[in-house]
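Step one of this worksheet: look at the structure below.
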Amino acid sequence: MKLVVGNQKTYLNREQVLNFIEETKEGKCSNVVICPSYVYIDLFLDKSKFLVGAQNVSCKGNGASTGEISAEQLNSMGVSYSIVGHSERRSDQCETSEMFYEKISKLLENDIIPIFCVGEHLEEKEKNITKDIVGKQVMEVFDRLDTNTMEKIIIAYEPVWSIGTGKIPTNDEIIDVTCYIKDLIQDKYDKRVAVLYGGSVNKNNIDTLNEIDVVDGYLIGGASTKSEELLYIMSKCE
Ligand code: 13P
């Protein structure tokens with residue numbers, strides 16, 4: 001069984017969310033986390049059987065942080081996962097490893113599983129420095145964490161050039177980076193983490209991706225907003 005995480009970004013309006021929930025209600029959801037926009041979290045918790053995740057979380061606890069959502073608030077709603085460090089937040093919101101460490105710490109304190117995204121840009125892949133980049137992204141956060149909490153964190157390997165482009169690494173490339181991340185954490189901290197693959201996962205490539213044993217699941221953007229496509233992917237990941 002693979003973990004399926006849907007990052008619905010800001011793709012859907014309320015009516016589309018309600019249709020999506022209705023259309024997916026017969027799917028087997030025990031290994032499926034949907035991360036809707038904050039404004040629809042309550043709808044998913046109320047009306048669907050999916051596990052529910054957030055797409056982001058505040059670096060700070062409850063208090064004077066206008067426009068933020070804290071880990072404690074997410075926990076009080078029933079949210080059990082949160083994405084941290086997505087490349088769109090690294091680039092659009094200039095988020096840093098320091099912030100990811102704070103966010104992950106707050107999530108862990110509130111019993112929410114962080115899904116920490118790492119991945120290289122195309123120029124970095126072309127320079128053959130993917131592992132340097134991904135290793136640095138991981139270590140800048142993991143070096144500061146209490147080792148006892150590390151196995152609660154899920155890492156999502158998302159090559160930036162693959163997000164929303166339809167381009168996808170070969171299985172060998174995904175295996176290489178996934179093993180690199182797992183070995184890095186095993187060798188340095190003696191801990192095992194789950195690693196997801198994300199970037200243009202869809203119904204046409206899920207069978208090929210599923211040939212990879214070392215990957216523990218998928219972080220899916222666009223395809224997770226289309227009920228028929230998500231149901232198909234879910235059926236392949238049971
Ligand atoms: P796509 O599946 O649309 O490429 O998006 C991937 C992603 O960013 C998931 O976090």
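Indexing begins at 1, ligand by ligand and atom by atom, following the structure's order. Computed from a predicted structure; not experimentally measured. Side chains are part of it too, since the values below use all heavy atoms of this structure and drop only hydrogens, waters and symmetry mates.
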Residue-ligand contact Ala223/ligand 1, heavy atom below 4.0 Å: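 Ala223 does not count as a contact of ligand 1 under the 4.0 Å cut-off.
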Does ligand 1 have an atom under 4.0 Å from some heavy atom of Gly198?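 Under 4.0 Å: no for Gly198.
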Output the list of atoms in ligand 1 that are nearer than 4.0 Å to some heavy atom of [X], sorted by atom number.
X: Gly222; answer: 1 (P), 2 (O), 3 (O)
X: Leu219; answer: 9 (C), 10 (O)
X: His86; answer: 7 (C), 8 (O), 9 (C), 10 (O)
X: Glu158; answer: 6 (C), 7 (C), 8 (O), 9 (C), 10 (O)

For the backbone of [Y] and the side chain of [X], can you confirm whether one donor and one acceptor N or O come within less than 3.5 Å of each other?
X: Asn110; Y: Asn75; value: no
X: Tyr197; Y: Gly199; value: yes
X: Asn31; Y: Lys2; value: yes
X: Gln55; Y: Cys35; value: yes

Would you say that more than 12 heavy atoms from the other residues, nucleotides or ligands in this model lie under 6.0 Å from the CZ of Arg14, or not?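 For Arg14, atom CZ is not crowded (no more than 12 foreign heavy atoms under 6.0 Å).
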For atom 2 (O) of ligand 1, what is the closest protein heavy atom, and at what distance to 0.1 Å?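 It is Gly221 N, 2.9 Å.
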For ligand 1, which part of Asn7 has a heavy atom less than 4.0 Å away: the side chain, the backbone, both, or neither?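 The answer is the side chain of Asn7.
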Would you say the side chains of Glu95 and His86 form a donor-acceptor pair under 3.5 Å?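 No, because no side-chain N or O of Glu95 sits under 3.5 Å from a partner of the opposite role on His86.
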Return the CZ to NZ distance between Phe116 and Lys103, rounded to the nearest 0.5 Å.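 One finds 11.5 Å between CZ of Phe116 and NZ of Lys103.
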Decide whether an N or O pair under 3.5 Å exists between Thr165 and ligand 1.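 Between Thr165 and ligand 1 (N or O atoms, distance only) the closest approach is not under 3.5 Å.
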